[in-house]
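Okay, structure first, notes after.
The sequence lines fix the lettering, A, B, ..., with proteins before strands; numbering per chain opens at 1.
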Amino acid sequence: MGASLEEKGVSGSYLLRNSEVSLILKSYLERKGVLFLDIREAKSRFNWLSRYVWKVLSADMDEYTKLASEEVEGGILLYVPKGAKVSLPLQACFLISKPRWEQVVHNVVIVGENAEVTLNTFCASTSKSALHVGVTEIYVGRGARVNYVMVHGWREGVEARPRTGVNVDEGGSISMYYINLKPVSLIEMSPLIRLRRESSASLTSILMGLGSSRLEVGSRVELVGERARANVISRSIAKDEARVKMLGKLTSESRGSRGHLECKGLQLSPRAVIEAVPVLVSRNEESELTHEASIGRLSEEALYYLMSKGFTEEEAISMLVRGFIDVGLEDMPHTIKTQISIILNLIAKYGSG
Amino acid sequence: MLLRVRGLKLRLNSKEILRGVNLDIDREEIHVLFGPNGAGKSTLLKAIMGIPPYDKVEGEILFEEKDIRNLKPYERALLGISMSYQNPPPLSVRLGYLLSKIREKYGPTSTSASDVIPHYLLGREAFSSFSGGEAKRVELGITLLQKPKLAMLDEPDSGVDVDSIKAVASFIEKLRESGAAILLVTHTGYVTDYLRRVDKAHIMLKGEIVCEGSFEEIYRRVLREGYASFRRD
């Protein structure tokens, strides 16, 4: 789910099961100078890494970043040199199978000038009680392009506290796409994206709140460079007793920067709670920030329309949910779109019961 | 008889909207249901399709001799009844996805949807991002893909320009060629000017069918004297 176990259609795979690592990188990428290895090995081999690590996020940000700064059990370094285009995605899977396990990982992604890469990460647990702390730092070089997909498929009893920081240099771009699709005790995350001159970010979160899940997910985008662009989209669905909070903060500090924040929630159970907290902060009068938020239930008229076209009530709900979450994939590579489509179909099925 | 409606009464918020409607439609016939706004024409179509809201329904609705009153809308659709909405609701679903699901449900048709639905609409959300004419065209295209035995078309010629009315007429001809019987609701009758044949017309006033007969005679009278001339004393 969210990862190709056959490793077909991918450039490289990293699998961390608790703290054990397996890793494969296609040899032609090694010849291009792409590095894809365990972060512990990378830190011991490459002194230059210290120029990047903990630069976009502070190790003192909170107790979880502090934990990750002291000791990690895994994580990846992905380094794509200047001009290299990695056509097939790389994937990293973080699995927890031991009970009461605390998995603390640190990922560092460095993409050189005008390089391109897609990274797909998937996190899951078979353990009923676990903590996952994942620190990810992404450095997007000048004119570089990064697609970053993160899929969470935890289970009840798991707490996940990812901490992500992204710096996008002049003219670079990042598309981030996040999906949570299973019940979980808590997911708490709010990636920080810092956009330099004429760079852009497109951030999409699809949050499926099931069971007694508590999801507090958002993005903080700082438009620090002139004419930086950000588009942040959240779609959340809450069922059962789930509590979903969509957070989003755009801060503009530069002339000509533009940002849009969109939070939409679909409440499929009377006991579920959805909250949207969009925040806009402008520090430059020549910038433009907008937001749009709405929370509602499925339209009865739309349901009857689809039923009159031959669809059962379950099919109609599933179609409307699928349509609701069909956002943010426009710029993703075809292989990723296909995988994400399968996950979105699954969410639509959960949505209809 | 394909559709037989007998003594159909429907109440909504204690108000009688349909007051004992009788209607017979045989296979491959084209019927036109005329009536002013608020006569109950759309409500009749919805009642045949099984779409609420209503508090109480009385009377008979037989489709191919089978009582369908207790069937859900999707069961009626799968029996071969379709309804083309006057104003389809916004769905938050891309049209391409909706059409792929319709095709999955009903199988291939001799008429390709691309013949009738402009390609540029496929990536857009149905129906919120469509103009009035586009929505009518898409809705009729979906009806074609359903391969219905009975197609009920709710005011397909209202609020659209002359070119769109011609396009609507060509859809209706395609439906007729596919063997569907058609119940066409209109309060202006514009689209009938472009149809090759209409078998019968009915006039509906205040929840009742007050007159029925040859299309030519009734349409001429509607144009000449208006609906008031059909009022029962």
Side-chain angles (χ1 to χ4, degrees), chain A residues 204 206 233-237 262-268 292-332 334 337-338 340-349 351-352, chain B residues 42 45-54 71-107 123-129 135 138-139 141-148 150-152 154:
Chain A
T204 306
I206 310 290
I233 297 173
S234 283
R235 293 281 189 276
S236 69
I237 300 163
E262 182 184 301
C263 308
K264 289 189 179 174
L266 188 57
Q267 198 165 352
L268 297 182
E292 188 184 337
S294 64
I295 299 169
R297 57 179 189 163
L298 289 175
S299 137
E300 200 166 80
E301 200 189 356
L303 278 175
Y304 272 107
Y305 172 85
L306 290 174
M307 284 194 269
S308 79
K309 301 298 177 199
F311 299 101
T312 64
E313 187 170 0
E314 289 73 26
E315 287 170 333
I317 292 172
S318 176
M319 286 170 72
L320 293 175
V321 171
R322 183 67 177 80
F324 177 72
I325 55 180
D326 189 11
V327 287
L329 284 173
E330 294 77 13
D331 300 332
M332 286 287 168
H334 179 70
K337 270 187 198 167
T338 310
I340 290 176
S341 245
I342 294 167
I343 297 171
L344 297 184
N345 289 343
L346 202 65
I347 290 178
K349 217 177 222 180
S352 63
Chain B
S42 299
L45 264 50
K46 284 184 178 174
I48 295 169
M49 199 71 240
I51 298 172
Y54 43 72
L71 297 185
K72 294 186 171 18
Y74 76 87
E75 293 171 310
R76 300 183 197 205
L78 297 177
L79 281 180
I81 305 174
S82 77
M83 188 183 114
S84 170
Y85 279 54
Q86 182 186 356
N87 295 307
L91 296 180
S92 76
V93 166
R94 286 180 210 264
L95 178 62
Y97 174 73
L98 175 62
L99 293 181
S100 71
K101 288 288 179 185
I102 296 269
R103 273 196 212 95
E104 259 175 45
K105 187 66 77 181
Y106 294 95
R124 285 170 36 187
E125 272 191 8
F127 288 84
S128 51
S129 63
V138 167
E139 186 59 351
I142 288 172
T143 305
L144 262 174
L145 294 179
Q146 287 181 265
K147 298 185 278 189
L150 171 65
M152 301 186 292
D154 193 1

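Atom CD1 of Ile102(B) and atom CE of Met319(A) lie 6.5 Å apart (nearest 0.5 Å). With values rounded to the nearest 0.5 angstrom, Ile51(B) atom CD1 is found 9.5 Å from Glu301(A) atom CD. Here the OG-CG distance, from Ser299(A) to Leu91(B), works out to 8.0 Å after rounding to the nearest 0.5 Å.
Scanning all heavy atoms of the two residues, the minimum distance from Ala302(A) to Pro90(B) falls at CB-O, 3.9 Å.
One N or O on the side chain of Lys309(A) and one on the backbone of Met83(B) form a donor-acceptor pair closer than 3.5 Å.
Contact check for Glu315(A) versus Lys101(B): no side-chain heavy atoms found under the 4.5 Å cut-off. Side chains of Val93(B) and Asp326(A) form no contact here, defined as non-hydrogen atoms less than 4.5 Å apart.
More than 12 heavy-atom neighbours from other residues, nucleotides or ligands sit within 6.0 angstrom of NZ on Lys337(A).
Proximity to chain B (any heavy atom under 4.5 Å) is shown, for Leu303(A), by neither the backbone nor the side chain. Using a 4.5 Å cut-off between heavy atoms, Ile142(B) touches chain A through its side chain atoms alone.
Sequence neighbours left out, the pairs with a member in residues 296-327 of chain A that pass ring pair (Phe, Tyr, Trp, His ring centres under 6.0 Å) are Tyr305(A)-Tyr85(B), Tyr305(A)-Phe127(B).
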Exercise. Give the intermediate values and the outcome of salt bridge (Lys or Arg N to Asp or Glu O under 4.0 Å) for residues Glu330(A) and Arg94(B).
Key: CA-CA 13 Å; Glu330(A) 294 77 13; Arg94(B) 286 180 210 264; 3.6 Å; yes

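For the options Ser92(B), Gly123(B), Ala77(B), heavy-atom pairs under 4.5 Å to chain A are most numerous at Ser92(B). Here Pro52(B) is the residue among Pro52(B), Pro148(B), Ser82(B) with the most heavy-atom pairs under 4.5 Å with chain A.
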